[in-house]
**Student:** 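Sending over a structure as structure tokens; questions will come in a sec.
In what follows, residues are counted from 1 in the order of the sequence shown. Ligands are counted one by one from 1 in listed order, and the atoms in each one are counted from 1 as well.
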Amino acid sequence: MIPRNKTGNQTRTYFTNPLELLEKLHLTAEQMPFSAEAIKDFHFKVPMAYVDKIQPGTPDDPLLRQIFPVHQEVELVPGYIKDPLDEANSLSQPGLLQKYHGRALLLVTPACAINCRYCFRRHYPYEDKGHLWKQTAQNIQLIKDDLSISEVILSGGDPLSLSDSKFKELITMLQTIPHLKRLRIHTRFPVVEPERISDKFLNILAASQLRIIMVLHINHAQEIGSDNQKSLLKLHKQQITLLNQSVLLKGINDNADTLAALSETLIDNNIIPYYLHILDKIQGSAHFEVTDFDAKIIYQQLKSRLSGYMLPRLVREIPGEKSKTPVTF
Ligand SMILES: *Cc1c(COP(=O)(O)O)cnc(C)c1O
Ligand code: SF4
């Protein structure tokens, strides 16, 4: 574990070495072999608050499996490619993605609080770290010129990787766009690194005239604990709409019991289940695949158990479509 990275005047701690994590969890490299090759391109990075929720001595822990680099990641599997969403072709220019009507996706940083092994951006051709940020003012000008855009989606990476001062600068720039009504923030920070939701950060959000929607990414109820519940409540009290998207992942949440427990935990924390994504076929993630056949069975079971508002929409992304595509039966 090494302390690094200063944001909002807080020093954060991450695990960046799988062996140190194993030691902390009372596991050996024989029980949990990791791939050094897998972390060459896509680094190992796990914040403390997330590690605290992993059950020690449990190789199958659903949180551990999301972040642990295994040898399957470096195996090439037919159909699993580097850019299955064809995002390179949807880029208006570096850092700006516009696929759907009325919404522009602004990539402001390649950095995340946590590196999820199934990430669909793990091979994204991000250049140097500051590159996206340097592009931002220019991208905002393009959004200003397009009157059809009423919602900006901040994504990345994770937009909360930006320092408070940069985040404030960003919101200030966005507020100069008269036709912009909503700001959506896609982030895992409130859950995996809840201390990021400082009073200073909350004040920046509170000062904004934009309607703010935060889309979290939580795959398992075990990711929620007393620490991040406090941060989530602060966001809720700030009148921020909280939604959640999950990815359906083999060995992590691929059964109706786990997904029902997740939905209930979300609702208990003022978060509305939004999407349940079919995994994108990104190179290195094939071992997380849940087949369509299984996905449909799981989803039908889930549907028969939950109140309608607790049921996320099961969707996949198909390049060239005008929206996420519902998976139907
Ligand atoms: C998923 C996505 C959105 C948001 O879609 P919603 O269905 O509104 O959540 C917007 N832009 C891009 C490029 C996306 O991939
Ligand atoms: S937080 Fe999101 S963008 Fe970042 S590594 Fe995880 S899945 Fe990818």
**Student:** Against Leu235, only a single residue in Asn270, Leu202, Ile185 fulfils side chain to side chain contact (heavy atoms under 4.5 Å, CB included); can you say which?
**Tutor:**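 By the side chain to side chain contact (heavy atoms under 4.5 Å, CB included) criterion, Leu235 pairs with just one of Asn270, Leu202, Ile185: Leu202.
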**Student:** Tell me whether Lys250 is salt-bridged to Asp294, with the criterion being a basic N under 4.0 Å from an acidic carboxylate O.
**Tutor:**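 Between Asp294 and Lys250 there is no salt bridge, as every charged N stays at least 4.0 Å from the carboxylate O atoms.
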**Student:** Can you name the atoms of ligand 2, numbered from 1 with element, that are less than 4.0 Å from a heavy atom of Ile114?
**Tutor:**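 Near Ile114, meaning under 4.0 Å from one of its heavy atoms, ligand 2 has 4 (Fe), 5 (S), 6 (Fe).
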**Student:** Ring of Phe288, cation from Arg117 - is the NZ or CZ under 6.0 Å from the centre and inside 45° of the axis?
**Tutor:**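 Here Arg117 fails the 6.0 Å and 45° test against Phe288.
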**Student:** For ligand 2, which atoms have a heavy atom of Cys112 less than 4.0 angstrom away?
**Tutor:**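 Every atom of ligand 2 under 4.0 Å from some heavy atom of Cys112: 1 (S), 3 (S), 4 (Fe), 5 (S).
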**Student:** Can you tell me the protein heavy atom closest to atom 1 (C) of ligand 1 and the distance?
**Tutor:**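 Residue, atom and distance for the closest contact: Lys324 NZ, 1.6 Å.
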**Student:** Have a look at ligand 1 and work out which part of Glu317, if any, has a heavy atom under 4.0 Å from it: side chain, backbone, both or neither.
**Tutor:**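 Just the side chain.
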**Student:** So which heavy atom in the protein is nearest atom 8 (Fe) of ligand 2, and how far is it from that ligand atom?
**Tutor:**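 Protein heavy atom with the smallest distance to atom 8 (Fe) of ligand 2: Cys119 SG, 2.3 Å.
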**Student:** Only heavy atoms of Tyr275, strictly under 4.0 Å: list the atoms of ligand 1 that pass.
**Tutor:**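 Going through ligand 1 atom by atom, the ones under 4.0 Å from Tyr275 are 6 (P), 7 (O), 9 (O).
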**Student:** Report the part of Arg184 (side chain from C-beta onward, or backbone N, CA, C, O) that has a heavy atom under 4.0 Å from ligand 1; answer both or neither where that applies.
**Tutor:**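 It is the side chain that touches ligand 1; the backbone stays farther off.
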**Student:** Counting only heavy atoms closer than 4.0 Å, does ligand 2 sit against the backbone of His217, its side chain, both, or neither?
**Tutor:**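 Under 4.0 Å from ligand 2, His217 contributes side-chain atoms alone.
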**Student:** Could you check whether Glu223 and Gln66, counting side-chain N and O atoms only, form a donor-acceptor pair closer than 3.5 Å?
**Tutor:**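 Yes - a donor-acceptor pair under 3.5 Å links their side chains.
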**Student:** I'd like to check Met48 versus Tyr14 (side-chain heavy atoms, cut-off strictly below 4.5 Å). Are they in contact?
**Tutor:**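 Result no, sub-4.5 Å side-chain heavy-atom pair not found.
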**Student:** More than 12 foreign heavy atoms under 6.0 Å from CD of Glu37: is that the case here?
**Tutor:**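 Atom CD in Glu37 is not crowded, with 12 or fewer foreign heavy atoms closer than 6.0 Å.
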**Student:** Going by side chain to side chain contact (heavy atoms under 4.5 Å, CB included), Pro273 matches just one of Leu306, Leu266, Leu311. Which one?
**Tutor:**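 With Pro273 as partner, side chain to side chain contact (heavy atoms under 4.5 Å, CB included) holds for just one option, Leu266.
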**Student:** Closer than 4.0 Å to some heavy atom of Leu105 - which atoms of ligand 1 meet that?
**Tutor:**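 Selected atoms, number and element: 11 (N), 12 (C), 13 (C), 14 (C).
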**Student:** List the closest protein heavy-atom neighbour of atom 1 (S) of ligand 2: residue, atom name, distance to the nearest 0.1 Å.
**Tutor:**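 Nearest neighbour among protein heavy atoms for atom 1 (S) of ligand 2, to 0.1 Å: Arg188 CD, 3.5 Å.
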**Student:** Are Phe167 and Leu154 side-chain neighbours, meaning at least one heavy-atom pair lies under 4.5 Å?
**Tutor:**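 Yes. Closest side-chain heavy atoms under 4.5 Å.
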**Student:** When you measure from atom 8 (O) of ligand 1 to every protein heavy atom, which one gives the shortest distance, and what is it?
**Tutor:**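 Protein heavy atom with the smallest distance to atom 8 (O) of ligand 1: Arg103 NH1, 2.6 Å.
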**Student:** Which atoms of ligand 1 are found less than 4.0 Å from any heavy atom of Ile153?
**Tutor:**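 Answer for ligand 1: 3 (C), 4 (C), 10 (C).
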**Student:** Looking at Ser263 and Ala260, would you say the former's side chain and the latter's main chain have a donor-acceptor pair under 3.5 Å?
**Tutor:**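 Side chain of Ser263 to backbone of Ala260, a donor-acceptor pair under 3.5 Å: no, none is there.
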**Student:** To check your reading of the model: name the closest protein heavy atom to atom 6 (Fe) of ligand 2, its residue, and the distance in Å.
**Tutor:**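 Answer for atom 6 (Fe) of ligand 2: Cys116 SG, 2.3 Å.
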**Student:** Within the structure, is a non-hydrogen atom of Asp158 found at a distance of less than 4.0 Å from ligand 2?
**Tutor:**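 It does not, in that no heavy atom of Asp158 comes within the 4.0 Å cut-off of ligand 2.
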**Student:** Less than 4.5 Å apart, any side-chain heavy atom of Met32 and any of Leu64?
**Tutor:**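 SC-SC contact between Met32 and Leu64 confirmed.
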**Student:** What do you reckon, does Arg121 put a non-hydrogen atom under 4.0 Å from ligand 2?
**Tutor:**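 Judged by the 4.0 Å heavy-atom criterion, Arg121 does not count as contacting ligand 2.
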**Student:** Can you sort out which atoms of ligand 1 are near Tyr274, meaning under 4.0 Å from one of its heavy atoms?
**Tutor:**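 This gives 6 (P), 7 (O), 8 (O), 9 (O) as the contact atoms.
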